[in-house]
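None of the values given here were measured: they were computed from a predicted structure.
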Amino acid sequence: MDTENLVHSLGIRHIGIIMDGNGRWAKKHGLPRKMGHSKGADTFRNCLNSCIKLGVPCVTFYAFSTENWSRPKEEVDSLMRLFCTFMDEMMKLQSKNIRLRFLGDRKALPDDVRKKMAEAEEMTVNNTGMWCCIALNYGGREEILNAARKISELYHSGKLDLQSLDEERFSSFLYTDGLPYVDLVIRPSGEKRLSNFLIWQAAYAEFVFMDVLWPDFSENDLIDAIVEYGKRDRRFGGV
């Protein structure tokens with residue numbers, strides 16, 4: 001199989017990945033949950049390199065949802081420290097020409113996390129390679145509500161004619177403004193739900209659910225998901 005041209009041949013523009021199963025992986029190995037997140041971060045790095053190798057134009061990783069704040073404080077604090085370490089590493093990847101972008105509501109995040117997010121985005125702003133998007137404190141419903149609020153404000157100030165509002169214009173108010181819609185969503189861990197992830201952008205995406213836990217997710221698993229995508233008949237409501 002010509003894996004290096006697989007993504008291009010299938011016309012895939014954007015892959016969404018729900019990184020799920022870190023806690024269960026840790027429990028399975030008799031380790032604290034934070035060790036599962038640490039191992040999951042290693043898998044993220046490997047998966048990112050695989051996406052670059054396969055020529056994926058845009059990939060979005062679901063790292064932390066708006067619902068994840070309900071987890072124990074110790075776990076959340078550990079995740080925030082891990083995000084800071086991750087962003088330090090991302091800023092060392094200039095040679096890979098990645099364009100880094102964070103999706104989500106930043107206001108609730110710790111100051112040091114927000115600062116590093118801004119630094120990482122600024123450092124990669126002139127790159128021209130693959131988009132690597134990290135959904136951090138992200139919720140799809142909240143994203144759509146925020147877009148509706150912005151549109152309402154513009155309408156009431158006389159700056160937006162509602163008659164000109166179509167799907168493309170509405171999309172420009174989302175975190176993913178300028179990015180292609182999602183073609184493929186991959187969710188490891190055996191769960192079969194979207195969990196509030198890119199619900200507007202993935203309206204016509206293909207979904208591949210896999211039984212492997214995220215820390216064990218490999219390049220072969222990524223390729224298998226892409227191959228499965230290639231078997232689907234995407235009709236977009238047609239016949």
Side-chain angles (χ1 to χ4, degrees), residues 14-23 25-26 32-53 56-140 142-143 146-147 150 173-179 182 195-198 201 214-215 217:
H14 190 168
I15 295 177
I17 300 178
I18 301 174
M19 301 185 291
D20 189 24
N22 292 341
W25 182 92
R33 288 178 63 87
K34 67 179 182 180
M35 295 303 296
H37 294 308
S38 180
K39 177 64 175 174
D42 292 337
T43 301
F44 163 82
R45 297 180 189 96
N46 294 334
C47 187
L48 178 60
N49 285 326
S50 295
C51 287
I52 296 171
K53 174 182 173 183
V56 178
C58 179
V59 58
T60 297
F61 294 92
Y62 202 8
F64 190 87
S65 76
T66 50
E67 292 77 30
N68 286 155
W69 294 106
S70 63
R71 294 185 178 186
K73 184 177 185 302
E74 180 183 358
E75 181 177 350
V76 171
D77 290 345
S78 175
L79 280 168
M80 293 301 155
R81 289 192 295 271
L82 190 61
F83 293 149
C84 285
T85 300
F86 153 76
M87 283 177 274
D88 285 336
E89 292 181 6
M90 290 298 290
M91 285 187 277
K92 299 175 183 177
L93 296 180
Q94 279 294 80
S95 61
K96 296 185 183 294
N97 199 28
I98 296 170
R99 289 179 284 183
L100 191 61
R101 185 161 169 181
F102 292 94
L103 314 179
D105 182 5
R106 306 187 186 197
K107 295 189 295 294
L109 295 169
D111 290 343
D112 56 342
V113 174
R114 285 189 282 123
K115 182 172 182 285
K116 286 185 179 293
M117 288 166 67
E119 290 174 355
E121 285 180 327
E122 179 63 27
M123 183 168 287
T124 64
V125 69
N126 293 319
N127 289 351
T128 57
M130 181 187 78
W131 278 107
C132 174
C133 303
I134 312 295
L136 190 58
N137 195 31
Y138 174 88
E142 181 184 57
E143 178 183 30
N146 286 339
K150 293 175 186 176
F173 292 95
L174 301 175
Y175 297 128
T176 51
D177 177 30
L179 299 177
V182 179
S195 294
N196 207 15
F197 178 58
L198 299 177
Q201 299 86 343
W214 174 249
F217 188 84

| Can you check side chain to side chain contact (heavy atoms under 4.5 Å, CB included) on Asn49 and Lys96, steps first, answer last? | CA-CA 9 Å; Asn49 285 326; Lys96 296 185 183 294; 3.3 Å; yes

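- A 4.5 Å side-chain heavy-atom check between Met87 and Glu119 finds every atom pair outside the cut-off.
- Between Tyr138 and Leu198, the closest side-chain pair of non-hydrogen atoms falls below 4.5 Å.
- In terms of the side-chain hydrogen bond (donor to acceptor under 3.5 Å, both in side chains) criterion, residue partners of Asp20 (sequence neighbours excluded) are, by chain and number, Arg24, Arg187, Ser189.
- Leu103 and Thr176 get closest at one heavy-atom pair: CD1-CG2, 3.7 Å.
- Closest approach of Ala135 and Phe197 over heavy atoms only: CB-CE1, 4.3 Å.
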Scan the side chains in residues 125-133 for donor-acceptor partners under 3.5 Å anywhere in the protein, sequence neighbours excluded, and list what turns up.
unit_1	atom_1	unit_2	atom_2	d
Asn127	ND2	Gln94	OE1	3.1
Asn127	ND2	Ile98	O	2.7
Thr128	OG1	Asn97	ND2	2.9

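- Residues Cys84 and Val113 are in side-chain contact: their nearest non-hydrogen atoms beyond the backbone lie under 4.5 Å apart.
- The nearest pair of heavy atoms linking Leu136 to Ala63 is CD1-CB, 4.4 Å.
- Not counting sequence neighbours, the partners of Glu121 by the side chain to side chain contact (heavy atoms under 4.5 Å, CB included) test are Arg101, Phe102, Arg106.
- The number of heavy-atom neighbours closer than 6.0 Å to CE of Met35, taken from other residues, nucleotides and ligands shown, is 12 or below.
- Considering only residues two or more places apart in sequence or on other chains, Ala108 meets the side chain to side chain contact (heavy atoms under 4.5 Å, CB included) condition with Trp69, Asn137.
- Listed by chain and residue number, Asp111 satisfy the salt bridge (Lys or Arg N to Asp or Glu O under 4.0 Å) test with Arg114 (two or more places apart in sequence, or in another chain).
- Residues passing the ring pair (Phe, Tyr, Trp, His ring centres under 6.0 Å) test with Phe61, sequence neighbours excluded: Phe44.
- No side-chain heavy atom of Thr60 sits less than 4.5 Å from a side-chain heavy atom of Ile17.
- Residues passing the side chain to side chain contact (heavy atoms under 4.5 Å, CB included) test with Ala147 are Phe170, Phe173, Leu174, sequence neighbours excluded.
- Between Asp112 atom CG and Met80 atom CE the span is 9.5 Å, to the nearest 0.5 Å.
- Under the rule for a side chain to side chain contact (heavy atoms under 4.5 Å, CB included), the partners of Ser78 that lie at least two apart in sequence or sit in another chain are Lys34, Arg81.
- Considering only residues two or more places apart in sequence or on other chains, His37 meets the side-chain hydrogen bond (donor to acceptor under 3.5 Å, both in side chains) condition with Asn22, Glu75.
- Contact detail for Ala26 and Pro32: the closest heavy-atom pair is CB-O, 3.4 Å.
- For the pair Leu100/Met123, no side-chain contact is recorded, criterion being any heavy-atom separation below 4.5 Å from C-beta on.
- Open room surrounds NZ on Lys53; 12 or fewer heavy atoms of other groups in view lie less than 6.0 Å from it.
- Taking Arg45 as the reference, Asp42, Glu89 meet the side-chain hydrogen bond (donor to acceptor under 3.5 Å, both in side chains) condition, with sequence neighbours excluded.
- In plain terms, the two heavy atoms of Asn68 and Val76 that are nearest each other are O-CG2, 3.8 Å.
- The closest side-chain heavy-atom distance from Asn196 to Tyr62 is below 4.5 Å.
- The side-chain hydrogen bond (donor to acceptor under 3.5 Å, both in side chains) search around Glu122 returns none, not counting sequence neighbours.
- In this structure Phe217 satisfies the ring pair (Phe, Tyr, Trp, His ring centres under 6.0 Å) test together with Trp214, sequence neighbours excluded.
- One N or O on the side chain of Thr43 and one on the backbone of Pro215 form a donor-acceptor pair closer than 3.5 Å.
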| request: Tell me, with the steps shown, if Phe86 and Lys116 meet side chain to side chain contact (heavy atoms under 4.5 Å, CB included). | output: CA-CA 10 Å; Phe86 153 76; Lys116 286 185 179 293; over 6 Å; no

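- Between the CG atom in Leu79 and the CD atom in Glu74 there is a gap of 11.0 Å [rounded to 0.5 Å].
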